[in-house]
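Everything quoted here is computed from the prediction, not taken from an experiment.
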There are 2 protein chains.
Amino acid sequence: MEQVSRVAGTVRPGGRTARVRAAVLQATQDELVEHGFQGLTMDQVAVRAGVGKTTVYRRWGSPAGLVTDLMTELADQSSPRADTGSIDGDLRANALAVHAALTDGRLGVTFEAMIAAATCDAQAANALRAFCRRRLEEWAGAVELAVKRKELPAGTDAVELVRAVSAPLFYRLVVTRESVTAEDAERSAVRALIAARAGAFAPGCPVAP
Amino acid sequence: MEQVSRVAGTVRPGGRTARVRAAVLQATQDELVEHGFQGLTMDQVAVRAGVGKTTVYRRWGSPAGLVTDLMTELADQSSPRADTGSIDGDLRANALAVHAALTDGRLGVTFEAMIAAATCDAQAANALRAFCRRRLEEWAGAVELAVKRKELPAGTDAVELVRAVSAPLFYRLVVTRESVTAEDAERSAVRALIAARAGAFAPGCPVAP
DNA sequence: AGGTAAACGGGAGAGATGTCCCGTTAGTGG
DNA sequence: CCACTAACGGGACATCTCTCCCGTTTACCT
C-alpha cells in the first residue's frame with residue numbers, strides 16, 4: 001500500500017535517477033551477454049555502470065530484479081503483431097518472431113536470463129507470465145480474424161492456438177536446449193494450424209473418451 | 001580421461017560411501033521440498049544429512065550437482081511406457097505420466113529444481129536433456145506401433161509427435177507458471193494426435209509455402 | 001584378520017556477498 | 001535562484017559461501 005512510495009526512484013524519476021537506471025540496465029545486459037544469468041553479480045553491474053553498489057542493491061535488490069526490470073524495458077519496445085491477411089502467414093510470422101526473440105543476440109540472451117530468473121524468483125516469474133500473456137493475447141487477435149474469415153472453425157480457442165505455436169520452441173530452448181532453427185519455428189506454426197483446421201482447438205473436440 | 005578415477009566415491013562405492021550418498025540425496029530432496037532450488041545450500045544439506053560439509057562439496061560441488069545426481073537416481077526408477085493398444089490411449093497415458101511427474105509432490109519439486117539447475121549449469125542441462133531424450137525415445141515406440149497398425153500416416157515423425165504432447169505442459173510449468181490439470185494434459189495429447197492424423201508430422205507436410 | 005589408502009569430518013581462513021551509516025549531490029517545487 | 005530532501009556514493013562491517021589442511025575412520029584386497 002505504502003510500498004510504492006518507499007521504492008527509490010519513484011519520487012524523482014527524472015535526471016540523475018533516469019541516467020542511473022539506463023546505465024545499470026545497459027550494464028546488466030552487457031554482463032548477461034558475457035557471463036549469463038548465473039554470472040550476473042550486483043557488484044560487477046555496479047562497477048560496469050559506474051554507479052555505487054549501494055544504489056544497485058537499493059533499487060533492484062537482486063540479479064533477478066535487474067533482469068525483471070530489463071525485461072519490462074524491452075517489453076515496451078517489442079513490435080506489434082503482423083497482419084499478413086492469412087492465418088497461415090500470421091502464425092508463421094508469430095513463430096518467427098518468437099524464434100528471433102529467443103535466439104537473436106542480446107535479446108535472446110536476455111530472454112534466457114529471464115527464464116532462469118523466473119525459476120528462482122517469484123517477482124521475475126510474475127513479470128515473465130505477464131509479458132507472455134500480453135504477447136499471447138495480442139497475437140490471438142489474428143486467430144479471431146481468421147475465424148471471422150472462415151479460415152478456422154468457429155469457437156477456436158485463440159489463445160490456446162497461439163500458445164501451441166510457441167510451446168515447442170520454448171520446450172527446446174529450456175528443456176532440451178537444442179538449437180532451434182527458423183525452419184523448426186515454421187514447422188511448429190504449420191502443425192498448430194493443421195490441428196486447428198481439424199478442429200483441435202474448437203469446442204466439441206473429444207477430450208475424454 | 002583420468003577424470004573419473006579422481007572423483008570421490010568411485011573407487012570404494014560400497015558401505016559408508018553409499019550410505020553417505022543416500023543420506024545426502026534424501027536431504028537434498030527434503031530441502032528442495034521446503035525451500036526450492038534457490039534455497040538449496042550445500043551447508044544445510046550437509047547438516048541435514050548428518051554429513052561433513054567438506055564431503056558434500058567434494059563429491060557434488062554445487063547445488064546443481066546435487067540435483068543432477070538426484071535426477072539420475074530418479075531416472076532409474078521411472079516407469080516404462082504404457083501400451084494401451086491404441087495410439088489415443090498411449091498418448092493420453094504419456095501426457096498424464098508427464099503431468100504426474102511435473103506436479104506430484106516430491107517428484108514434481110525435483111523436476112522443477114532440475115529445470116532451474118539446467119538454466120544455470122551446463123552439467124545439469126546435459127543430464128536433463130539426456131533424461132528427456134530417453135523418455136521421448138521410449139514413448140516414440142508407441143507411435144511407431146501405431147504407424148504399423150495404420151492408425152497414423154506412414155513416415156510420421158515419432159519423436160516429434162511425442163514432443164508435441166509434452167511441450168505445452170512444460171511451457172505452462174516453466175514459462176507461464178500456470179497450474180496444469182490432468183485435463184490440460186489430455187487435451188494436449190488429443191491435439192497432437194489430431195495434428196498427426198492430419199499428416200502434420202509426416203513428410204510432405206508443407207513447411208515453406 | 002590386518003594393512004593400505006579411499007573417503008570422511010572438523011575447523012581455520014580467504015573471499016565473495018549483502019547491509020548499514022552517513023556525508024554529498026542534484027532533482028523538484030516555490 | 002533557493003531551499004528541501006530524494007537519491008546517490010563510499011566505505012566499514014556482518015554474513016555467508018567455499019576451499020584447504022590434516023587427522024580419523026573404514027571399505028576393500030590379500
Exercise. Should B:F170 and B:F111 be marked as a ring pair (Phe, Tyr, Trp, His ring centres under 6.0 Å) after you check the CA-CA gap, both sets of side-chain angles, and the distance that decides it?
Worked result: CA-CA 11 Å; B:F170 278 96; B:F111 262 92; 7.4 Å; no

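One finds a salt bridge joining A:E112 and A:R177 here, because a Lys/Arg side-chain nitrogen approaches an Asp/Glu carboxylate oxygen to under 4.0 Å. Look at A:R187 and B:E160 and you find no salt bridge, because none of the NZ, NE, NH1 or NH2 atoms lies under 4.0 Å from a carboxylate O. A salt bridge links A:E34 to A:R48: one of the charged nitrogens lies within less than 4.0 Å of a carboxylate oxygen. B:E144 has no carboxylate O lying under 4.0 Å from a charged side-chain N of B:R149, or vice versa, which leaves the two without a salt bridge.
Within the helix from C:dA1-D:dT30 to C:dG30-D:dC1, the inter-axis angle between the opening and closing five-pair segments is 50°, rounded to 10°.
Separating the CH2 atom of A:W60 from the P atom of C:dT17 is a distance of 19 Å, rounded to the nearest angstrom. Between the P atom of D:dG9 and the CZ atom of A:R19 lies a distance of 10 Å, rounded to the nearest Å. In this structure, the CE atom of A:M42 is 16 Å from the C1' atom of C:dC20, given to the nearest Å.
Residue B:T17 places none of its side-chain N or O atoms closer than 4.0 Å to OP1 or OP2 of C:dA7. Look at A:R59 and you'll find a side-chain N or O under 4.0 angstrom from OP1 or OP2 of D:dC8.
Counting distance only, with no hydrogens placed and no angle test, the side-chain atoms of B:R16 and the base atoms of D:dA27 include no donor-acceptor pair under 3.5 Å.
A side chain to side chain contact (heavy atoms under 4.5 Å, CB included) with B:V98 holds for exactly one of B:L169, B:T103, B:L173, B:V180; it is B:L169.
Between the CD atom of A:Q38 and the CG atom of A:L32 there is a distance of 11.0 Å, given to the nearest 0.5 Å.
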Please produce a list of atom pairs where a protein N or O lies less than 3.5 Å from an N or O of nucleotides 11-17 of chain D.
from   : atom 1 : to    : atom 2 : distance (Å)
D:dG11 : O6     : A:T54 : OG1    : 3.1

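Taking the side chain as every heavy atom from C-beta outward, A:F37 and B:C120 never approach each other to under 4.5 Å. Put simply, the side chain of B:E31 does not reach to within 4.5 Å of the side chain of B:T41, judged on heavy atoms.
B:R21 comes within 4.0 angstrom of no nucleic acid atom, judged by non-hydrogen atoms across all strands.
Comparing B:G61 and B:R58 against DNA chain D, the residue whose closest nucleotide sits nearer the 5' end is B:G61.
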